[in-house]
*Asks:* 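Take this structure first; my questions come after.
It should be emphasised that the depicted structure is a prediction, and the values quoted were computed from it without experimental measurement.
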Amino acid sequence: MSGLRNILTLNYGQKIFFLATIPLLLAAVAISAIVANQSRETAEREIALLERQLIEAKKAELQNYLSITRTAFVNIYGRALPDDEEAKLLVTQLLSAMLYGQDGYFFVYDYDGNNLVSPRQTDLITKNWIGLTDPNGVPIVDELIRIAKSGSGYHSYDWTKPSTGESARMVAFVIGLQDWRWVVGTGIFIDEVLDTVAAARAEVEARIQRTFIYIGGITLAALFLVFLSGQFINIRERRLADAKLKELTQRIIDTQEEERGRVARELHDSISQILVGVRYALELARKRLLAGDERAGEHLERGIDHLNGAIQEVRRISRDLRPGILDDLGLGPALKGLIAEFANRTGIETEFETVVFSNRLEADAKIALYRIAQEALTNIERHADATAVSLKVYGHSSGATMRIADNGRGIERQSKDKQADSGLGLRNMQERMEQLNGTLLVLSTRQGTVIEARVPLSRMLPPQGTARATA
């Protein structure tokens with residue numbers, strides 16, 4: 001949970017880097033594993049094939065050696081009787097002299113396990129080696145006798161290499177001289193083959209490691225590019241945010257100054273003039289009272305009327321700044337009072353319709369819809385030249401909707417200066433709805449303009465049994 005909270009507190013650029021890095025790393029690991037597995041499988045198949053081919057070549061070589069040797073003594077063996085010791089001695093002498101290569105020689109055992117010929121390891125001669133096994137427990141002489149009795153064949157086991165005195169893998173090929181009960185064979189050491197196979201496997205592992213290094217390098221380069229991209233986006237977004245913040249700050253200042261100017265004009269054009277009229281009426285009444293003129297009462301009545309007008313004007317200005325009815329009775333009565341005051345002031349025919357939904361709008365949503373209606377009616381009064389306006393507000397399953405329509409000239413036919421003023425008003429409406437995650441739709445033609453503000457269901461309060469049946 002703490003790790004998740006740390007991720008959620010990252011800035012925009014860090015989140016992008018984190019979200020881009022994890023899939024990239026997982027993809028790199030998966031690709032590396034797949035490549036390594038497939039490389040090993042392919043290499044093992046190739047190495048196994050190479051090993052079989054090399055060993056088969058060695059076996060063919062052994063069979064060739066033994067065929068040549070058999071040709072050398074076949075005449076002697078063919079003419080001799082089973083107990084011809086002189087012929088046997090002649091063949092053993094012949095085989096003992098037939099050496100090849102650095103470690104190649106021929107060996108002879110009888111079926112009882114006695115060694116008769118071993119020119120490179122003479123300590124084996126005349127001794128019985130039944131039960132002899134290699135360091136791995138593989139039977140040697142017993143298996144050679146079994147193969148010879150069946151005719152001929154191959155046997156692999158570890159044996160001491162004459163040239164080094166160390167144990168190495170040998171492949172032997174033997175034939176059986178059944179009349180003499182002899183095992184005649186030769187062997188070849190395949191340590192070179194095994195070394196070649198081991199070298200091939202080492203090369204495969206080296207290639208796999210290089211592949212890992214390449215993939216790691218590519219991954220690091222990609223991560224570096226993602227990091228740079230994240231930094232670039234972060235810096236760019238920060239600059240855009242700073243610019244928007246400056247613009248918003250300036251717009252707030254401009255809106256404040258505009259509101260102050262409007263209030264100042266209202267005070268100067270209405271309250272100030274009314275109070276000046278009150279002053280003149282009171283001064284004239286005072287003069288006539290001092291002169292004993294009976295008409296002083298008329299001027300006092302006129303001053304009182306002016307004071308009542310000033311009080312009403314102060315209430316109107318206060319209502320425009322913050323209508324108390326919006327907090328006390330809800331959005332519906334506030335909009336009804338707003339459009340009624342608009343109709344009285346402008347003489348435009350108005351229609352107001354609302355559907356009860358129990359004062360369930362949040363305070364921010366009520367204020368936003370009221371200000372949008374206020375701004376829309378102001379634009380209609382100033383620019384639209386409309387003769388009829390309708391305002392409808394209602395709740396539904398998706399939230400709440402306010403629809404304002406007029407039969408004016410439309411936004412496109414206004415002058416450039418008026419478009420700039422109304423454009424600022426529309427932008428203010430749009431921003432108010434964006435703050436609520438709502439939508440603002442504006443449809444303007446030559447027959448009029450329709451503004452529809454939609455508040456999402458998330459801005460609706462849960463129903464309450466004791467709530468008043470007002471919007």
Side-chain angles (χ1 to χ4, degrees), residues 259 262-263 266 270 308-309 311-408 422 425-426 428-429 432-433 436 438-443 448-457 459-461 463-464 466-471:
E259 188 67 20
R262 187 185 68 81
V263 174
E266 293 280 353
S270 59
N308 288 330
I311 292 171
Q312 294 298 324
E313 194 66 19
V314 169
R315 289 177 177 174
R316 184 185 66 80
I317 295 172
S318 175
R319 184 176 64 250
D320 290 341
L321 291 176
R322 177 70 181 189
I325 192 174
L326 184 65
D327 298 323
D328 297 334
L329 299 180
L331 180 62
L335 291 177
K336 184 177 181 181
L338 177 66
I339 198 167
E341 192 274 335
F342 171 80
N344 293 332
R345 185 176 69 251
T346 62
I348 297 175
E349 180 183 351
T350 60
E351 177 188 0
F352 177 72
E353 180 182 344
T354 182
V355 177
V356 174
F357 51 99
S358 303
N359 200 23
R360 287 178 53 199
L361 277 176
E362 291 183 352
D364 293 342
K366 290 192 292 186
I367 294 172
L369 291 179
Y370 183 85
R371 293 303 183 191
I372 289 174
Q374 199 175 35
E375 187 72 38
L377 293 176
T378 300
N379 287 338
I380 292 171
E381 180 182 357
R382 292 179 180 177
H383 311 303
D385 294 336
T387 60
V389 176
S390 67
L391 192 157
K392 298 180 180 179
V393 59
Y394 52 92
H396 46 78
S397 60
S398 300
T401 298
M402 182 179 70
R403 188 176 186 271
I404 303 172
D406 67 72
N407 62 350
S422 61
L426 289 174
N428 290 336
M429 297 180 196
R432 287 185 184 276
M433 295 310 299
L436 298 175
T439 58
L440 182 74
L441 302 178
V442 179
L443 177 63
T449 302
V450 176
I451 297 176
E452 191 170 272
R454 297 176 181 174
V455 177
L457 188 62
R459 294 293 178 175
M460 302 285 286
L461 299 174
Q464 297 178 356
T466 58
R468 287 176 294 179
T470 57

*Asks:* Could you give the distance from CG (Leu377) to CD1 (Ile372), rounded to the nearest 0.5 Å?
*Replies:*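 Spacing of CG (Leu377) from CD1 (Ile372) equals 12.0 Å.
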*Asks:* Please report the closest heavy-atom contact between Pro456 and Gly438, naming both atoms and the distance.
*Replies:*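 Heavy atoms only, the tightest pair is CD-CA, 3.7 Å.
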*Asks:* If you define the side chain from C-beta out and look only at heavy atoms, does anything of Ile380 sit under 4.5 Å from Thr346?
*Replies:*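 When only atoms from C-beta onward are counted, Thr346 and Ile380 do not touch, as no gap falls below 4.5 Å.
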*Asks:* What I'd like to find out is whether the side chain of Leu426 reaches to under 4.5 Å of the side chain of Ile451, using heavy atoms alone.
*Replies:*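 A side-chain contact exists here, since the closest heavy-atom pair is under 4.5 Å.
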*Asks:* I need the Gln374 CD to Asn428 CG distance, nearest 0.5 Å.
*Replies:*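 Answer rounded to 0.5 Å: 12.0 Å.
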*Asks:* On a heavy-atom basis, which atom in Leu391 and which in Met402 lie closest, and how many Å separate them?
*Replies:*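 So the minimum-distance heavy-atom pair works out to CD2-CG, 4.4 Å.
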*Asks:* Nearest heavy-atom pair of Leu335 and Tyr370: which atoms, and what distance?
*Replies:*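 For Leu335 and Tyr370, the tightest heavy-atom pair comes out as CD2-CD1, 4.0 Å.
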*Asks:* Distance check, rounded to the nearest 0.5 Å: Arg454 atom CZ versus Leu441 atom CG?
*Replies:*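 Rounded to the nearest 0.5 Å, the CZ-CG separation comes to 5.0 Å.
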*Asks:* Nearest heavy-atom pair of Val450 and Ala405: which atoms, and what distance?
*Replies:*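 Result for this residue pair: CG2-CB, 4.0 Å.
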*Asks:* Would you call Met429 and Asn379 a side-chain contact if the rule is heavy atoms closer than 4.5 Å?
*Replies:*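 Yes - at least one pair of side-chain heavy atoms lies under 4.5 Å apart.
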*Asks:* Donor-acceptor pair, distance only, cut-off 3.5 Å: does the side chain of Asn407 make one with the backbone of Thr387?
*Replies:*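 Yes: the side chain of Asn407 pairs with the backbone of Thr387.
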*Asks:* Taking all atoms of both residues into account, what is the closest heavy-atom pair of Leu457 and Ser397, and its distance?
*Replies:*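 Smallest interatomic distance, heavy atoms only, reads CD2-O, 3.6 Å.
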*Asks:* Roughly how far apart are Glu351 CD and Lys392 NZ, rounded to 0.5 Å?
*Replies:*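 The NZ atom of Lys392 is 5.5 Å from CD of Glu351, to the nearest 0.5 Å.
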*Asks:* Could you tell me whether a side-chain N or O of Thr449 sits under 3.5 Å from a main-chain N or O of Asp406, the two making a donor and an acceptor?
*Replies:*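 Flag not set: sc Thr449 to bb Asp406 has no pair under 3.5 Å.
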*Asks:* Do you know which two heavy atoms are closest between Ala365 and Leu436, and how far apart they sit?
*Replies:*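 Minimum heavy-atom contact is CA-CD1, 3.8 Å.
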*Asks:* Apply salt bridge (Lys or Arg N to Asp or Glu O under 4.0 Å) to Glu349 and list each qualifying residue two or more places apart in sequence or on a separate chain.
*Replies:*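 Expected list: none.
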*Asks:* Taking salt bridge (Lys or Arg N to Asp or Glu O under 4.0 Å) as the definition, give me every residue that meets it alongside Arg432, ordered by chain and number, with sequence neighbours left out.
*Replies:*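 Not a single residue meets the salt bridge (Lys or Arg N to Asp or Glu O under 4.0 Å) criterion with Arg432.
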*Asks:* Rounded to the nearest 0.5 Å, what separates atom CZ in Arg371 from atom OG1 in Thr378?
*Replies:*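 It comes to 10.5 Å.
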*Asks:* Got a sec, which residues hit salt bridge (Lys or Arg N to Asp or Glu O under 4.0 Å) with Arg403, two or more places apart in sequence or on another chain?
*Replies:*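 For Arg403, the residues satisfying salt bridge (Lys or Arg N to Asp or Glu O under 4.0 Å) (neighbours in sequence not counted) are Glu452.
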